[in-house]
*Asks:* 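Below are the C-alpha cells for one structure; questions will follow.
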Amino acid sequence: MEKNEEQYLDANVAIMNAWGKELTASEYRAWRKITETAAGDNAGDRHQFQNLKVSEVRPLTDDSVSITFNVPQNLKEEFRFSPGQHLTLEVPIDGKTHRRTYSLCASATSDLVRIAVKRIPDGVVSHYLNSQLKAGDTLRVLPPSGRFILNHTTSKARYVGVAAGSGITPVISMLATVLTIDEDAHFTLLYGNKSRESTMFADELSMLARQFEDRLTITHFLTSGEKPEFPSQHEKAVMRRILPTDLTEFGSVTGWYLCGPQELIDSTTDALEEAGVHHDNIHLELFFAKAEPHAEVHGVVSSVTATIDGELFNGVSSGAETVLETVLQTGGDAPYACMGGACGTCRAKLVSGDVEMDISYALTEEEVNAGYILTCQARPVTHQLDVDYDQ
C-alpha cells in the first residue's frame, strides 16, 4: 500500500484526503507529515547538517529579510516539514561559527524552503544575514525540527494564532498550510507590530486574506503610524496593543498558537487559562535573543557524563557552565541550536543527579515531571550528573 501511494505521488496523481478534498502530491505529503507528527513518528531522529545554497534574500521590512534555500532533489524528502517547525543554521562570521534557529515561513504544501530573519540589537548573526548574505552563498543547515506544530486532524477546525513581530514566521506557515489542505478549516490571526511598515509579510498576509476569504480573518494591532486600509473585509487594523479581552470572542477554538516575546506569551496564556481554555489547547513558542543571566549561580563542581548516539562522554563542570557547555568541551556532538532555552533542541533525560534550570519554556510539564532538562539552561547542583540525549 505504501509503495503504491508513493508511485501515485511520484506521478503527481491527486489523492483524496480525509475531508473529501483532492490534494496535489505536495499537499498530500504535507498533510501526511502533519498526521504522522501528531502520532509521534520520527520523534527521535538525529539529522546531519547539509550544505544548502541560498537562492534568494528578499527584504521584508527595513530590518528583516526572507531567505529561500535551493534544496537539491536528493534532499527534498529530508527537508519536508510540518507547519511550525524550524531550521538550524550554522553561520560562520569572522572565524567563529554560530548556530541559530529560524522558523520555516512557507506553506508545507509547497516546495518552498524559506525562513525570515529580523535584525536584533547587537545581534551578530541577524545583522550578518540581513546585511551580508546574498543569493549564491552556501550555509550548513539542519533538516526541519521542532515541536511547535499545528497538528490538524479534526474536520471543521477553528484555530487562533496570536503573534508579535517575527513571531509571525511559524504562524504564517500554519495558517497557509491548514487552509490549503482543508477547505472547511478556519483561522483567525491576531498580529501585533509597531506599524504597517514594520509588519513582516504584510503584503503576503493580505494576499492570503483574499485567497481564503471567509476562512481567514486577520486583525493587525499597531501602536504607531497611520491606520491602514485593506482590500479585504477579512483584514483590519486596530491602533493599540493586543489585550486579554481580544481573546474572548471566538467561541469554540480547536487550538491556540502563540508566538512572540515573553510578555505577550505570558499575558495571553494567563488570559486563556482564566477563561477556562485547557492547557492542552494552548501551544506556544517563545521568541527572544538570549536568556537573561541569573544574578546568582548555584551550580557546584560536578562530574558530568553524557550519552550521545550510544557513546559516553565525560567532563567536569565548575558549576558555572551549563551542562551543554561541559558536554561540548568533551568533544561530544550534543544537539543544540538557539542556546536560549526556546527551541528544545538540546533536550536530554536526566538519569542521575540534579540540576537547576534558568528557563524551561521549551519543555512541557509532562516532560519536566519525566526528568527531561534543557541542557543549555541547566547547571549541576550535585557532584555527579548523568544525562542521556538518546532517550
*Asks:* Is there a path of hydrophobic side-chain contacts, each under 4.5 Å between heavy atoms, that joins Ile265 and Leu247?
*Replies:*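 As far as the 4.5 Å side-chain criterion goes, Leu247 and Ile265 are connected within one cluster.
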
*Asks:* Do Asp386 and Ser352 get their side chains close enough for a donor-acceptor pair, meaning under 3.5 Å?
*Replies:*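 The answer is yes; a qualifying pair exists.
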
*Asks:* For residues Leu205 and Leu189, report the shortest heavy-atom separation together with the two atoms involved.
*Replies:*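 Answer, listing the atom of Leu205 first, then Leu189: CD2-CD2, 4.0 Å.
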
*Asks:* Using a strict threshold of under 4.0 Å (side-chain N to carboxylate O), is an ion pair present between Arg379 and Asp358?
*Replies:*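 Here Asp358 pairs with Arg379 in a salt bridge, since their nearest N and O are under 4.0 Å apart.
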
*Asks:* Might you point out which heavy atoms bring Thr322 and Thr375 nearest each other, and give the distance in Å?
*Replies:*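 Taking Thr322 first and Thr375 second, the nearest heavy atoms are CB-O, 3.5 Å.
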
*Asks:* For Phe49, which residues count as a ring-ring contact (aromatic ring centres under 6.0 Å, His included) partner, sequence neighbours excluded?
*Replies:*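 So Phe49 forms no ring-ring contact (aromatic ring centres under 6.0 Å, His included) with any residue.
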
*Asks:* For the residue pair Tyr159 and His152, categorise the inter-ring angle as parallel (less than 30°), tilted (30 to 60°) or perpendicular (more than 60°).
*Replies:*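 Ring orientation of Tyr159 relative to His152: perpendicular.
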
*Asks:* Give the cluster check for Tyr128 versus Leu52: same hydrophobic cluster or not, with ILVMFWY residues linked at side-chain heavy-atom distances below 4.5 Å.
*Replies:*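 Linked, Tyr128 and Leu52 end up in one cluster.
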
*Asks:* Treating Asp270 as the side-chain partner and Ser267 as the backbone partner, does any N or O pair qualify as donor plus acceptor under 3.5 Å?
*Replies:*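 No, because the side chain of Asp270 does not come within donor-acceptor range (under 3.5 Å) of the backbone of Ser267.
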
*Asks:* Does a donor on one side chain sit under 3.5 Å from an acceptor on the other, for Glu235 and Ser206?
*Replies:*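 Looking only at side-chain atoms, Ser206 and Glu235 do form a donor-acceptor pair, the distance falling under 3.5 Å.
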
*Asks:* Would you please name every residue forming a ring-ring contact (aromatic ring centres under 6.0 Å, His included) with His234, sequence neighbours left out?
*Replies:*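 Per chain and number, His234 pairs via ring-ring contact (aromatic ring centres under 6.0 Å, His included) with no residue.
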
*Asks:* Is the closest side-chain donor-acceptor distance between Ser166 and Thr169 under 3.5 Å?
*Replies:*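 Short answer, no.
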
*Asks:* Ignoring hydrogens, what is the shortest heavy-atom contact between Ala106 and Ser173? Give both atom names and the distance.
*Replies:*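 Minimum heavy-atom separation between Ala106 and Ser173: O-OG, 2.7 Å.
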
*Asks:* Would you kindly say whether Arg119 and Ser131 are connected by a side-chain donor-acceptor distance under 3.5 Å?
*Replies:*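 A pair is found: one side chain offers a donor N or O, the other an acceptor, under 3.5 Å apart.
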
*Asks:* So, for Leu374 and Ile359, which heavy atoms are closest and what is the spacing to 0.1 Å?
*Replies:*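 What the structure gives for the nearest pair is CD1-O, 3.7 Å.
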
*Asks:* Considering only heavy atoms from C-beta outward, does the side chain of Ile168 approach that of Asn193 to under 4.5 Å?
*Replies:*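 SC-SC contact between Ile168 and Asn193 ruled out.
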
